[in-house]
Protein chains: 2
Amino acid sequence: MSEGVEWALHSCLNLAWIGPERAVPAARLAAYHELPAAYLNKQLQALARAGIVTSVSGPKGGFRLARGLDRITLMDVVAAVEGPDEAFRCTEIRQQGPGAGPAGSYAAECAIAGAMGRAELAWRRELVSQTLDDVRERAELQAPTAPERIREWFAPA
Amino acid sequence: MSEGVEWALHSCLNLAWIGPERAVPAARLAAYHELPAAYLNKQLQALARAGIVTSVSGPKGGFRLARGLDRITLMDVVAAVEGPDEAFRCTEIRQQGPGAGPAGSYAAECAIAGAMGRAELAWRRELVSQTLDDVRERAELQAPTAPERIREWFAPA
DNA sequence: GGGCTATTACTCGGATACGGGGTGTCCGAGTTAAAGTGG
DNA sequence: CCACTTTAACTCGGACACCCCGTATCCGAGTAATAGCCC
């Protein structure tokens, strides 16, 4: 899985802790974790295209969350960064070569694709069931001082 | 996900339908679906290392299943081909840069890694719960003539 | 004809190239804040 | 002092290289069947 997913998730939580009042530039979000600024920008663009964050150009510009954390699921972020296609894609090799059966006998889905699809569905179901707000709550339980630290570090000079 | 997983799964089912009496060369398994023979051989080697199939060299050599389909799970095959590491790996960026908190405050797992881990656990759980025999059963319901076709095509000259 | 040996053909196994997608970077279009200027 | 204009700095957005891993291939080590040969 792409490394950008981790960056995007952390950035979303950071944005939430900073608050919706002001927009935060990608460069500043990147500096907080010493990430390549331009590349993080690329991931945030993906989030913007997916409608998870909104972006404004110019001075005092940057990114901010488009809606509350409780309305953003892990699935939303993963789909935005990784793309919509499934991890396991069936190439229908059962229809290739001498092993191919009669032409009309492939109406039903390949049993292997079905089985792998069920597993991937379980994965997606779990991703949908968890919102970023759930993650934030757990994070604050583990590190109660983190929100204040972040708010302070991102405070304008 | 690697394409080899699909090839490996189909090959395992084919091996089961052929029967355990004789070993089947990788080249023959590949020809059945018009796959690159040498590359499929590589995947079968991975299955052999994982103990899913056994391999014998020389004339009349090839691969055969090491145990019954009901004792091989989808997880076994995926782990053998894809490797054991998780898809989402946490790089602990929370400990990098100015955002890093006090040194001893990272005993607990990163909340984001935990959430992604739960999703991946659901995926793995589903893969473990399905054996190749379950898949075979469904496949035979959809295409009852397949086993006989395969047995015949792989029959020795 | 039977048993032993040498040969030969066949298969796996790992070492070796190639190519596409993730990774990383750079520069331009657009925008807004701020500075400058005249009334 | 205030309003307007001009400037300038800042930010996103997409276009451009790099590199690693999945993809694909080839050749050698090992093995067993087979053919040949001697008894």
Side-chain angles (χ1 to χ4, degrees), chain A residues 1-8 11 15 18 22-31 33-66 78 80-89 91 93 154 156-157, chain B residues 1-8 11 15 22-31 33-66 78 80-85 87-89 91 93 154 156-157:
Chain A
M1 164 151 345
S2 177
E3 193 171 7
V5 173
E6 185 185 3
W7 299 0
S11 295
L15 282 175
I18 293 170
R22 42 208 182 74
V24 184
R28 195 150 183 79
L29 283 170
H33 293 304
E34 279 180 356
L35 301 175
Y39 193 31
L40 177 62
N41 188 22
K42 197 187 185 72
Q43 316 295 346
L44 292 174
Q45 284 176 36
L47 294 184
R49 271 191 294 272
I52 297 174
V53 300
T54 60
S55 65
V56 303
S57 288
K60 300 288 179 181
F63 296 90
R64 76 186 71 200
L65 289 176
V78 170
V81 174
E82 286 282 295
D85 17 337
E86 297 202 356
F88 179 89
R89 69 188 164 85
T91 58
I93 63 174
F154 279 98
Chain B
M1 166 153 345
S2 176
E3 193 172 6
V5 172
E6 185 185 5
W7 299 0
S11 295
L15 282 175
R22 33 200 194 82
V24 184
R28 196 150 182 78
L29 283 169
H33 293 303
E34 281 180 354
L35 302 175
Y39 192 31
L40 177 62
N41 189 23
K42 196 186 185 70
Q43 316 295 347
L44 292 174
Q45 285 176 34
L47 294 184
R49 273 192 294 272
I52 297 173
V53 302
T54 59
S55 64
V56 302
S57 288
K60 301 287 177 184
F63 296 90
R64 78 186 70 199
L65 288 176
V78 170
V81 174
E82 285 283 294
D85 17 338
F88 180 89
R89 70 186 163 87
T91 58
I93 63 173
F154 280 99

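So you know, we letter chains A, B, ... as the sequences are listed, proteins then strands, and number each from 1.
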| query | So, does A:Gln43 use its side chain to make a donor-acceptor pair with the main chain of A:Trp7 at under 3.5 Å? | reply | no

| said: Measuring from atom OG of A:Ser55 to atom CG of A:Asn41, what distance do you get when rounded to the nearest 0.5 angstrom? | reply: 9.0 Å

| query | Is A:Arg89 atom CZ crowded by more than 12 heavy atoms from other residues, nucleotides or ligands, each under 6.0 Å away? | reply | no

| remark: Whole-Å distance, A:Met1 CE to C:dT23 P, equals 11 Å

| Letter per nucleotide, 5' to 3', of nucleotides 11-17 of chain C [B base touched, S only sugar-phosphate touched, - untouched; heavy atoms, 4.0 Å] | SSBBB--

| remark: Of B:Leu40 and B:Glu82, the one whose nearest nucleotide on DNA chain D sits closer to the 5' end is B:Glu82

| query | To the nearest 0.5 Å, what is the distance between CD (B:Gln45) and CG (B:Leu47)? | reply | 10.0 Å

| request: Send over the distance from A:Arg22 CZ to D:dC10 P, rounded to a whole Å. | output: 17 Å

| Tell me: CD of B:Glu6 to P of D:dG22, nearest whole Å? | 17 Å

| field | Whole angstrom value for the distance that separates P of C:dT25 from CD of A:Gln43 | value | 13 Å

| task | For A:Phe88, check ring pair (Phe, Tyr, Trp, His ring centres under 6.0 Å) against everything at least two apart and list the hits. | result | none

| query | When the distance from OH of A:Tyr39 to P of D:dC18 is rounded to whole Å, what number comes out? | reply | 17 Å

| task | Enter the distance from B:Leu15:CG to B:Ile52:CD1 here, rounded to the nearest 0.5 Å. | result | 11.5 Å

